[in-house]
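Here is the structure we will look at, set down as structure tokens.
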Amino acid sequence: MIEIKDLHKSYKMGSNSLHVLKGINFNVEEGELVAIMGSSGSGKSTLLNILGMLDGADSGEYYLDGVPIKDLSEKKAAQYRNKFLGFVFQSFNLINYKSALENVALPLYYQKVGRRERQDKALNYLDRVGLKEWATHLPSELSGGQKQRVAIARAMAAEPKVLLADEPTGALDSKTSYEVMDLIQKINDDGNTILVVTHEKDIAHMCKRIVHLRDGVIVEDTKIEQVRAQEYV
Ligand code: ADP
Ligand code: MG
């Protein structure tokens with residue numbers, strides 16, 4: 001599903017340059033649930049942003065579902081992003097003046113899905129994250145965990161090939177974090193490919209594989225016995 005070869009990325013700042021990704025190699029198969037772990041500043045978000053086509057690499061190869069991702073126009077990148085990828089962020093990134101239902105329906109609008117089908121699909125995905133009763137509520141009326149579940153429903157409603165989550169539990173307390181991971185595990189049980197960036201060990205162990213980044217290189221990449229979040233919720 002994802003193939004990455006010798007990926008490099010530097011940030012230029014004036015005459016200085018910060019080499020953040022120093023030759024990343026890894027593949028992700030369909031149906032995997034991968035944690036990208038590493039301390040703050042190790043390059044996790046940089047890597048995820050490149051995988052998500054939100055930023056470009058300086059060199060190296062990236063294939064997403066067999067498609068080479070390189071030198072894409074803004075328009076093409078946006079098309080691929082909408083078609084292939086779902087995003088979940090630490091800060092939820094919901095639109096404050098739109099209801100939970102409208103937030104979930106928004107990516108479908110960009111996919112030019114008709115109004116009626118948008119509503120039906122969005123409600124169905126809200127139901128799948130256990131928030132059907134909250135459809136008409138604004139984000140400000142929801143708890144942190146509920147907001148993240150809306151964000152997950154929004155990401156999944158567009159039926160992406162890969163779900164990319166950057167510290168999805170970073171703004172949540174432990175119990176709520178485990179509830180969100182329980183949902184992520186269930187979505188993965190359905191066969192969806194998911195990458196979760198985290199610096200928390202317990203969260204990483206709820207995935208099926210841990211890729212450990214340190215100073216811009218992968219220092220460890222291991223399949224693990226998945227801890228079910230359900231045991232903690
Ligand atoms: P992580 O997500 O693991 O905390 P990041 O990928 O966000 O790490 O950042 C890696 C390094 O790159 C950090 O030193 C950070 O300060 C730097 N960095 C991140 N984004 C930028 C940017 N847009 N411009 C300059 N430096 C950046
Ligand atoms: Mg980060």
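Keep in mind the model is a prediction, meaning the values are calculated, not measured. We count ligands from 1, going down the list as the structure has it; atoms in each ligand are counted the same way. All residue numbers in this chain count up from 1 along the given sequence. What you see below is based on every heavy atom in this structure, not just the backbone, and it leaves out hydrogens, waters and symmetry mates.
For the pair Asp190 and Lys186, the salt-bridge criterion is not met [side-chain N within less than 4.0 Å of a carboxylate O]. Ion pair Arg228/Asp189 flagged as a salt bridge, since at least one NZ, NE, NH1 or NH2 atom sits closer than 4.0 Å to an Asp/Glu carboxylate oxygen. We find that Asp221 and Arg209 are joined by a salt bridge, their nearest charged nitrogen and carboxylate oxygen being less than 4.0 Å apart.
Residues Asn16 and Tyr11 have side chains that never bring a donor and an acceptor to within less than 3.5 angstrom of each other. The closest side-chain donor-acceptor pair between Tyr232 and Gln230, if any, does not fall under 3.5 angstrom.
For atom 8 (O) of ligand 1, the nearest non-hydrogen atom of the protein is Gly43 N, 3.3 Å. Here the heavy atom of the protein found nearest to atom 19 (C) of ligand 1 is Tyr11 CE1, 3.4 Å. The shortest contact between atom 10 (C) of ligand 1 and any protein heavy atom is with Gly41 O, 3.4 Å. Summary of contacts: the protein heavy atom closest to atom 12 (O) of ligand 1 is Val20 CG2, 3.3 Å.
For atom 16 (O) of ligand 1, no protein non-hydrogen atom is found at a distance below 4.0 Å. Distance check for atom 25 (C) of ligand 1: a protein heavy atom is found below 4.0 Å.
By the 6.0 Å contact criterion, NZ on Lys208 is enclosed, its count of non-hydrogen atoms from other residues, nucleotides or ligands being greater than 12.
Exactly one of Ile218, Ile69, Leu47, Ile50 qualifies for a side chain to side chain contact (heavy atoms under 4.5 Å, CB included) with Ile4. That residue is Leu47.
Across Gly145 and Leu172, no two heavy atoms sit closer than the pair N-CD2, 3.8 Å. Scanning all heavy atoms of the two residues, the minimum distance from Tyr97 to Glu102 falls at O-OE1, 4.5 Å.
Distances between N or O atoms of Leu18 and those of ligand 1 include no value under 3.5 Å. Below 3.5 Å of separation, one finds no N or O of Met13 facing any N or O of ligand 1.
For the ligand labelled ligand 1, residue Gly38 lies outside the 4.0 Å heavy-atom shell. For Gly216, the closest heavy-atom approach to ligand 1 does not fall below 4.0 Å.
Of all atoms in ligand 1, numbered sequentially from 1 with element shown, those under 4.0 Å from a heavy atom of Ser45 are 1 (P), 2 (O), 6 (O), 7 (O). Applying the 4.0 Å criterion to heavy atoms of Ser39 picks out, from ligand 1, the atoms 3 (O).
The nearest N, O or S atom of Thr46 is not closer to the Mg ion (ligand 2) than 2.8 Å.
By the criterion of a heavy-atom distance under 4.0 Å, both the backbone and the side chain of Thr46 are placed next to ligand 1.
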